[in-house]
Amino acid sequence: MSPIHRINPAELSPPAGFSHAVTATGSQLVFLAGQTALDQRGDIVGNTLPEQFAAALTNLLGALRAAGGAPGDLARVTVYATDVADYRANAAELGRIWRRLAGRDYPAMAVIGAVRLWDEQALVEIDGVAVLP
């Protein structure tokens with residue numbers, strides 16, 4: 001049984017691409033560092049937000065798998081975007097990318113606008129917390 005339980009109260013607006021609350025009862029926390037669209041050489045890949053989002057999420061999930069976790073173990077994810085309007089405009093495609101890479105279970109999430117990220121060419125950075133059984 002998963003240590004993650006998603007809670008979406010009926011009195012709140014229906015969540016789309018996130019859960020309103022997540023409880024976790026596992027035995028190990030995994031704190032995932034912010035991941036951008038860096039490849040193994042340290043170069044940013046992708047010129048568009050969806051391309052970079054897919055690469056950053058792939059990197060985040062790779063770090064999670066290396067720690068013994070799976071996408072369903074994510075309790076909290078924060079997305080930092082250099083252009084929130086672009087993020088909103090691409091929300092449907094970003095949702096498809098999430099479902100393809102991480103499945104249909106969404107953690108508690110936030111999208112934060114950032115003037116710039118550590119990697120100057122990065123359009124998006126994703127970090128998170130997972131709870132392993």
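Just the heavy atoms: all of them, side chains too, but no hydrogens, waters or symmetry mates, feed the values below.
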Roughly how far, to the nearest 0.5 Å, is [atom2] of [Y] from [atom1] of [X]?
{"X": "Arg6", "Y": "Thr23", "atom1": "CZ", "atom2": "OG1", "answer": "9.5 Å"}
{"X": "Leu123", "Y": "Ile44", "atom1": "CG", "atom2": "CD1", "answer": "8.0 Å"}
{"X": "Gln35", "Y": "Gln52", "atom1": "CD", "atom2": "CD", "answer": "13.5 Å"}
{"X": "Arg88", "Y": "Asp83", "atom1": "CZ", "atom2": "CG", "answer": "12.0 Å"}
{"X": "Thr78", "Y": "Leu32", "atom1": "OG1", "atom2": "CG", "answer": "11.0 Å"}
{"X": "Leu12", "Y": "Ser19", "atom1": "CG", "atom2": "OG", "answer": "11.5 Å"}

For the residue pair Arg99 / Tyr106, report whether a side-chain donor-acceptor contact shorter than 3.5 Å exists.
yes
With side-chain contact (heavy atoms from CB on, under 4.5 Å) as the test, would you mind laying out the steps for Leu38 and Asp119 before giving the verdict?
CA-CA 9 Å; Leu38 289 175; Asp119 300 305; 3.6 Å; yes
Compare every heavy atom of [Y] with every heavy atom of [X], then report the nearest pair and how far apart it is.
{"X": "Ala37", "Y": "Ala55", "value": "CB-CB, 3.6 Å"}
{"X": "Val77", "Y": "Trp98", "value": "CG2-CH2, 4.2 Å"}
{"X": "Ala33", "Y": "Asp127", "value": "C-CB, 3.9 Å"}
{"X": "Ala122", "Y": "Thr82", "value": "O-CG2, 3.6 Å"}
{"X": "Arg76", "Y": "Pro107", "value": "N-CB, 3.8 Å"}
{"X": "Ala54", "Y": "Thr58", "value": "O-OG1, 2.8 Å"}

Heavy atoms of other groups near Glu11 CD, more than 12 under 6.0 Å:
yes
State whether the number of non-hydrogen atoms from other residues, nucleotides or ligands found under 6.0 Å of Asn47 atom CG is greater than 12.
no
Is [Y] reachable from [X] through a run of I, L, V, M, F, W or Y residues, each pair having side-chain heavy atoms under 4.5 Å apart?
{"X": "Leu117", "Y": "Leu57", "answer": "no"}
{"X": "Val45", "Y": "Leu60", "answer": "no"}
{"X": "Val111", "Y": "Tyr80", "answer": "no"}
{"X": "Val131", "Y": "Phe31", "answer": "yes"}

Min side-chain heavy-atom separation [X]-[Y] under 4.5 Å:
{"X": "Val79", "Y": "Val124", "answer": "yes"}
{"X": "Gln28", "Y": "Pro133", "answer": "no"}
{"X": "Leu132", "Y": "Val30", "answer": "yes"}
{"X": "Pro71", "Y": "Asp105", "answer": "no"}
{"X": "Leu49", "Y": "Leu94", "answer": "yes"}
{"X": "Ile4", "Y": "Leu74", "answer": "no"}

Do side-chain atoms of [X] reach the backbone of [Y] as a donor and acceptor pair under 3.5 angstrom?
{"X": "Glu93", "Y": "Asn90", "value": "no"}
{"X": "His20", "Y": "Ser13", "value": "yes"}
{"X": "Asp43", "Y": "Asp39", "value": "no"}

